[in-house]
2 protein chains.
Amino acid sequence: MAGRLSLNQATIKRATVKQAVDGCAKHGVPSIGLWREPVADAGIEQTRKLVRQAGLRVSSLCRGGFLTDPDNKNAIDDNKRAIDEAHTLGTDTLVMVVGGVPDRDLIGARQRVQDGIEVLTPYAQEAGVILALEPMHPIFCADRGVLSTLKQALDWAERFDAGVVVDAVHVWWDPELDAQIERAGRRIASYQVCDWLNPLPPDVLLGRALPGDGNIDLDRLTRHVAKTGYSKDVEVEIFNADLWAADPDEVIAEVVRRYHAFVEPAL
Amino acid sequence: MAGRLSLNQATIKRATVKQAVDGCAKHGVPSIGLWREPVADAGIEQTRKLVRQAGLRVSSLCRGGFLTDPDNKNAIDDNKRAIDEAHTLGTDTLVMVVGGVPDRDLIGARQRVQDGIEVLTPYAQEAGVILALEPMHPIFCADRGVLSTLKQALDWAERFDAGVVVDAVHVWWDPELDAQIERAGRRIASYQVCDWLNPLPPDVLLGRALPGDGNIDLDRLTRHVAKTGYSKDVEVEIFNADLWAADPDEVIAEVVRRYHAFVEPAL
């Protein structure tokens, strides 16, 4: 068994929930990170059943967020549904990708995210679901996530008693990282790993590699996260065109090997 | 005349020094930011003569840096040549792009940059040239610049009495930006503008747009920079495949229009 490894579904994007769950069971992966879209395809009750029958933990649900549009009433409603889904699926962690800048007003966009989180906080707390604020690599500030550093995520998380996500690919470059991980302590709701693909592919969203294939010192980062007392699962989440084109079964087998080689020794 | 506008040569990458200088003169651009490669093609003395005859200021020379290789003796020598060239060309500002991570050791790479700057500092000071440390957008941390934020640049600049570059495209996303610009004060050796292209093109290096065509609030940023007392030229530096394919003369005319519309009112 790969102790605390969680396979994030995005790593085998083309697989159905059933294929992903079966793959985890076959390869001894004890936990899975689910995405709302394939879960909707499979049906939420059916997903819950499949996961439970396989004896898997659900480490997180991706994703809520996208709160930066000036009119975000629909986004608030959708986030409430995401909170409900997380609760139903038996995970305490909803990953929040907060949304980009619809215009030139970055400060306004960041304010709207905070306003949205404030509205969602009591709903999430009642459901026992942590809003896990994910700082996104600044490359995504315009189109996907105006929450850009772990420091900023913690400023917000402390205000709303929320959690944060530490995803290696989003934070590895940050000169303040060590100090902010220490500050984060028990607020780390999800630790996600992959590596930084260099050179980047034409679609930077897919600029992720298997642990060990890029420039991130995952051993060092994992030790820092472990030192905070983080004891939850470690998700391997890789958006990569080659992995998506490969046989999911082989991808899971390789993820397990990389986890043992580059992550587990540092936990 | 476009008061403090400087045309960075990279904006019209295919043009020779002579074409760039003539274009500035024709369109009333009073200043130019030079690059070492086209200057070497034209000859440094010839470049000096052309610039002087046209009555242009040289706002900066791009670029020194690339100090992260474990064996960086050659890089040190090359940086000394760059300092000499800046002095000869009559600019006090050498833009430093510090280099990427050759392996997984980001902390070691950052240390080697600082060691290199320490070695170069007396040489630059004797030549009257400011080493202008340029924080690079974190997207370039792996391949081009491990100096990732203005805060980090200032930490180093204060240690070595160096300058910093504030380039809109590299820093616009930074939640700490306002405070760090205020901290920077007179250390801002160069202020460079362009906009953030969204969606990004396949080569992210070319993810820059004309002022007004992207997500950066240049008015706000420029006001903050101006408040520090910054009184030097403002470089428009745009790496953009469409602009490079266009007629340089038309590009310069458009740069002047954008400067008047999006930058000058805030100075």
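All chains are named by letter (A, B, ...) in the order of the sequence lines, taking the proteins before the strands, and each is independently numbered beginning at 1.
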- Query: Based on non-hydrogen pairs under 4.5 Å, which of A/P138, A/P199, A/G100, A/P102 is most in contact with chain B?
  - Reply: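 Top option by heavy-atom pairs under 4.5 Å: A/P138.
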
Quiz item: Which bit of A/P201 comes within less than 4.5 Å of chain B, counting heavy atoms only: side chain, backbone, both or neither?
Solution: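 Backbone only.
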
| So which part of A/V101 gets closer than 4.5 Å to some heavy atom of chain B, the side chain, the backbone, both or neither? |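 For A/V101, heavy atoms of backbone and side chain both lie under 4.5 Å from chain B.
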
How about the chain A/chain B donor-acceptor pairs under 3.5 Å, what are they, with distances?
unit_1 : atom_1 : unit_2 : atom_2 : d
A/V101 : O      : B/N215 : ND2    : 3.4
A/D103 : O      : B/N215 : ND2    : 2.8
A/R104 : NH2    : B/G212 : O      : 2.9
A/R110 : NH1    : B/W173 : O      : 3.4
A/R110 : NH2    : B/W173 : O      : 2.6
A/H137 : NE2    : B/P138 : O      : 3.4
A/P138 : O      : B/H137 : NE2    : 3.4
A/K151 : NZ     : B/E176 : OE2    : 3.2
A/W173 : O      : B/R110 : NH1    : 3.4
A/W173 : O      : B/R110 : NH2    : 2.6
A/E176 : OE2    : B/K151 : NZ     : 3.2
A/G212 : O      : B/R104 : NH2    : 2.9
A/N215 : ND2    : B/V101 : O      : 3.4
A/N215 : ND2    : B/D103 : O      : 2.8

task = Mind ranking B/L147, B/I107, B/I139 by heavy-atom pairs under 4.5 Å with chain A and telling me who comes out on top?
result =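 Result: the option with the highest number of such pairs is B/I139.
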
*asked:* For chain A, which candidate among B/P175, B/C141, B/G214, B/P202 shows the most heavy-atom pairs at distances under 4.5 Å?
replied: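 Counting heavy-atom pairs under 4.5 Å, the top option is B/P175.
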
Walk me through whether B/L106 and A/I216 qualify under side chain to side chain contact (heavy atoms under 4.5 Å, CB included). CA-CA 8 Å; B/L106 178 56; A/I216 303 179; over 6 Å; no

